[in-house]
Amino acid sequence: MDVSFILDSLNDAQREAVCSPAGSLLVLAGAGSGKTRVLTHRVAWVVQACGVSPLSILAVTFTNKAAQEMRGRIEHMLGYPMRGMWMGTFHSIAHRLLRAHWHEAGLEQGFQILDSDDQLRMIKRTLKELNLDEGYWPPKQIQWYINGHKEEGRRSKHVLDTIDTQQRELLRIYRAYEELCDRFALVDFSELLLRAFELIKNNEPLRVRYQQRFQHILVDEFQDTNAIQYEWLKLFAAAHKNIFIVGDDDQSIYGWRGARVENILQFEKDFPGTMVIRLEQNYRSTANILNIANAVIDQNQSRLGKNLWTHDEEGEPVRLYVAYNEIDEARFVVDRIQSWLDQGNLRSETAILYRSNAQSRVFEEVLLQAAIPYRVYGGLRFFERAEIKDALAYMRLVASRQDDPSFERIVNVPARGIGNRTLEQTRDYARVNQVSLWDAARALVHTKELSSRAISSLSLFLDLIEQLASLLEGKTLADQVEQTLHHSGLLAHFAKEKGEKAQTRVENLEELITAARNYDHDEEDGTDTLSAFLSHAALESGEGQAEEWEDCVQLMSLHSAKGLEFPLVFLTGLEEGLFPHQRSLQEPGRLEEERRLCYVGMTRAMKLLYISYAEVRHLYGRETYGSPSRFLGEIPDEMLVEVRSSGPGTRDRFSFANAREDNGGSVQLGKQVRHSSFGEGIVLSVEGRGEHTRVQVNFESVGNKWLVLAYANLEIL
DNA sequence: GGGTTAACCTTTTTT
DNA sequence: AGGTTAACCC
């Protein structure tokens, strides 16, 4: 059979990886070196040239979106569907295993998935049961603690006991949380991984079955795997040891949430004879862009070492814009986007990247003024929105009356007179009698423990759910959603609220009906369509829901930009404290991660890259004065061209220019000055005018200080 | 029980 | 600044 079409478009290194013999293979793939290409072609090769059945392939990706895309590409290449191939995130694969073997995993058939929001609620409830104060035991930190342990493969019984009372208490909370989840058949995200791991590890027949089945395992974004995920891979690959991993240590940017770059190093030890292939030819960026990115990443000590190169031309120089403040920065960016568009280019070809999501606001405002359509990534995704979660909670409760998190969520949404007092009593009853909230409520309406008012509200709610249940029977999924929205009163509730937000909420709810209508579920795993849809909603946050196919400018954080590319990129906010972020300077290793983030940002650019920073920035409602990011200092001067705003002089730019001359030229950038108490220093920047003029001085003794010129009494040397 | 104001806390994100 | 949560009054 002719398989040359799989190899034709590849370079030597790519081809070597794609048709390497079975065994363990590590592909160190630099940014833009065709990583996805290698993975998809490898699958195609294994199937088409080696005659391996898709059934024997397990491919793991970082996001659901990546999995979908990759599957699509393979099917497009081969021209037939990859039926039976397992391709998805670690979580979706774990979920699949647990649904198929719920009994062996010690679960109930209808187990529900807790997303992080639900998990937080469960933790709060655990704290309440233990009579602990949320102020002293922040639920967020408990969540961090529990997930941290689970992701390292440790249950509460594995955590070593200490004499530290704080630690012991945390452990007690962890244990109580586990019990609560078990009691109500709830599985959080890290539990999916841990439980599926234990299932395969401890159940011999299943282990043998899956180890035999998955003859070829492929992993994308390996640098982002955590401990339990890596253990997973080792377990599944144990029989055939055919494992093909692709990763880039220089793009490891999720260390803060447990990802281990070290897994890459460990891999070669755990799989002796691993073949390592480096993909160093970059097909994305111009030489100028690549040089700058290389210069920055080269500052990192802990690297496996890799040098990206390109055949591409030098291209335009990378440009730096020093903005007066964040508004000036945004105006500059939008101005450049405008001229990009004037040259007949697309809006969707440009991206504005920033370190933290809060920075998007100013860009949005300026883009809005300029009437340029844009899209902001990040923030709440579709299935995470409150109104959507409310609607799903109704459906969950209908599906299982024992679902306490759902009960709590919607018992009084929309408000129906069931307040904290009543709820508290219901919770107490449930705790004492070890029953679900639903059963507790049913019991309570027949006692005299509640006020008559509370009893009537509560029974009205119970009836509502029962009615809804019979109403939904036998209906299609979309009809079920629609009925739920109307009958629960949710739609009416949000419709009568005023404001833009309420409008979007109603639209979102309507979109949920569409999502249900479009949801197609293959019945092969034995679950009914409703519960499959509910799991889908928890597992897949619905990034692209109701995506409008409009050509727009892309705004996103550096983290969400990973894996993407754009002809024109703006890397903004390069200020010490913001990027690298303040919080990254405390912990060891975090600074290098910030630098990798910078590298990721730069390597997103194909043709043009602009870097900018603001001298003054409004942050947390205050004016902050940051010095230029250290990453800028790591770029050789000749690689970076400083530019001025090209527009007909924005107002802010003008005042900035004035400010520099306004103090009679006495205090200027670079001047040596002396302060009565701080001693000698050099002027780093000047800002404001007249009596408001402020200067930033780097003093030999105390470092950088901002001073009001009028009071500082600086002596010019 | 429900609506209203005062303190609080700010990275990054997927599942 | 902005958004959320906790205390507070009707």
Side-chain angles (χ1 to χ4, degrees), chain A residues 60-67 88-95 113-120 124 133-135 138-140 147 150-151 187-193 196 221 224-226 228-229 252-259 326 353-362 365 377-381 383-384 386 412 414-424 450-451 453-454 457-458 501 535-543 556-563 573 577-587 590 593-594 596-598 600-601 617-624:
Chain A
V60 192
T61 57
F62 192 57
T63 63
N64 285 310
K65 197 175 156 207
T89 61
F90 281 102
H91 290 87
S92 71
I93 291 163
H95 176 240
I113 299 171
L114 294 177
D115 68 15
S116 25
D117 206 59
D118 302 329
Q119 185 186 33
L120 207 59
K124 286 180 182 165
D133 180 24
E134 275 187 28
K140 275 263 166 52
N147 289 339
K150 285 191 180 180
E151 274 158 21
V187 176
D188 63 47
F189 285 139
S190 33
E191 182 71 26
L192 282 172
L193 298 179
E221 308 277 17
D224 290 322
T225 52
N226 61 29
I228 188 84
Q229 291 168 339
S252 154
I253 53 175
Y254 286 104
W256 53 273
R257 63 173 207 215
E326 76 274 17
L353 308 182
Y354 35 75
R355 175 67 238 262
S356 66
N357 287 121
Q359 288 166 252
S360 75
R361 276 248 335 264
V362 191
E365 279 165 22
Y377 286 77
L380 277 190
R381 266 165 282 272
F383 286 118
E384 289 166 4
N412 202 30
R416 48 174 73 89
I418 304 170
N420 232 323
R421 179 93 189 85
T422 312
L423 213 49
E424 207 59 60
L450 296 176
S451 67
R453 212 181 124 143
S457 314
L458 205 51
K501 269 196 179 155
S535 299
H536 166 82
L539 232 41
E540 165 115 56
S541 42
E543 170 71 79
M556 67 189 82
S557 72
L558 287 157
H559 282 90
S560 9
K562 192 174 76 160
L578 184 64
F579 190 30
H581 197 276
Q582 200 65 49
R583 304 262 289 242
S584 70
L585 302 175
Q586 338 282 19
E587 275 176 90
R590 286 281 185 265
E593 184 156 305
E594 294 283 304
R596 292 194 289 267
L597 200 51
C598 184
V600 166
R617 183 179 293 276
H618 291 270
L619 217 54
Y620 308 137
R622 271 195 314 275
E623 271 190 332
T624 46

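Quantities reported herein were computed from a predicted structural model and do not represent experimental measurements. Every chain is numbered from 1, with letters handed out A, B, ... down the list of sequences.
Residue A:S116 places a side-chain atom within donor-acceptor reach of the base of B:dT15, judged by atom type and a 3.5 Å distance cut-off alone.
Among residues two or more places apart in sequence or in another chain, the ring pair (Phe, Tyr, Trp, His ring centres under 6.0 Å) test is passed with A:H559 by A:Y254, A:W256. Checked against side chain to side chain contact (heavy atoms under 4.5 Å, CB included), A:E587 has the following partners two or more places apart in sequence or in another chain: A:R590. Taking the side chain to side chain contact (heavy atoms under 4.5 Å, CB included) definition, one finds that A:P138 meets it with A:Q141, sequence neighbours left out. In this structure, the side chain to side chain donor-acceptor pair (under 3.5 Å) partners of A:S560, at least two apart in sequence or on a different chain, are A:S557. Qualifying side chain to side chain contact (heavy atoms under 4.5 Å, CB included) partners for A:E384, counting only residues two or more places apart in sequence or in other chains: A:L380, A:R381, A:S541. Partners of A:Y354 under the ring pair (Phe, Tyr, Trp, His ring centres under 6.0 Å) rule, at least two apart in sequence or in another chain, do not exist in this structure. Taking A:T422 as the reference, nothing meets the side chain to side chain donor-acceptor pair (under 3.5 Å) condition, with sequence neighbours excluded. Under the rule for a side chain to side chain donor-acceptor pair (under 3.5 Å), A:R583 has no partner lying at least two apart in sequence or in another chain. In this structure A:A386 satisfies the side chain to side chain contact (heavy atoms under 4.5 Å, CB included) test together with A:R409, A:R505, sequence neighbours excluded.
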Are there any protein N/O atoms within less than 3.5 Å of an N/O atom in nucleotides 10-12 of chain B, and if so, which ones and at what distance?
from: B:dT11; atom 1: O4'; to: A:H581; atom 2: NE2; distance (Å): 3.2
from: B:dT11; atom 1: O2; to: A:R355; atom 2: NH1; distance (Å): 3.0
from: B:dT11; atom 1: O2; to: A:R355; atom 2: NH2; distance (Å): 2.4
from: B:dT12; atom 1: OP1; to: A:N357; atom 2: N; distance (Å): 2.6
from: B:dT12; atom 1: OP1; to: A:N357; atom 2: OD1; distance (Å): 3.4
from: B:dT12; atom 1: O4'; to: A:R355; atom 2: NH2; distance (Å): 3.0
from: B:dT12; atom 1: O3'; to: A:S557; atom 2: OG; distance (Å): 3.4
from: B:dT12; atom 1: O2; to: A:W256; atom 2: NE1; distance (Å): 3.4
from: B:dT12; atom 1: O2; to: A:R355; atom 2: NH2; distance (Å): 2.5

Can you give me the N/O atom pairs linking the protein to nucleotides 1-4 of chain B at distances under 3.5 Å, or say none if there are none?
from: B:dG1; atom 1: OP1; to: A:T422; atom 2: N; distance (Å): 3.4
from: B:dG1; atom 1: OP1; to: A:T422; atom 2: OG1; distance (Å): 2.2
from: B:dG1; atom 1: OP2; to: A:R421; atom 2: N; distance (Å): 2.8
from: B:dG2; atom 1: OP1; to: A:G417; atom 2: N; distance (Å): 2.7

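For the pair A:I228 CD1 and B:dT15 C1', the computed distance is 15 Å after rounding to whole Å. Distance A:Y354 OH to B:dT13 C1': 13 Å, rounded to the nearest Å. Taking atom CG of A:D115 as the reference point, atom C1' of B:dT13 lies 13 Å away to the nearest angstrom. Atom CD in A:Q119 sits about 19 Å away from atom P in B:dT13, given to the nearest Å. Between A:F62 atom CZ and B:dT15 atom P there is a gap of 8 Å when expressed in whole angstrom units.
With a heavy-atom cut-off of 4.0 Å to chain A, the contacted part of DNA chain C has its first and last nucleotide at C:dA1 to C:dA6.
Looking only at distances, no side-chain donor or acceptor of A:R355 sits under 3.5 Å from a matching main-chain atom of A:L578.
Residue A:E134 is classed as a sugar-phosphate contact, given heavy-atom separations below 4.0 Å to backbone atoms only. A:D188 comes within contact range of no nucleotide atom at all, as no heavy-atom separation falls under 4.0 Å.
Within the 4.5 Å cutoff, no side-chain heavy atoms of A:Q119 are placed close to those of A:F189.
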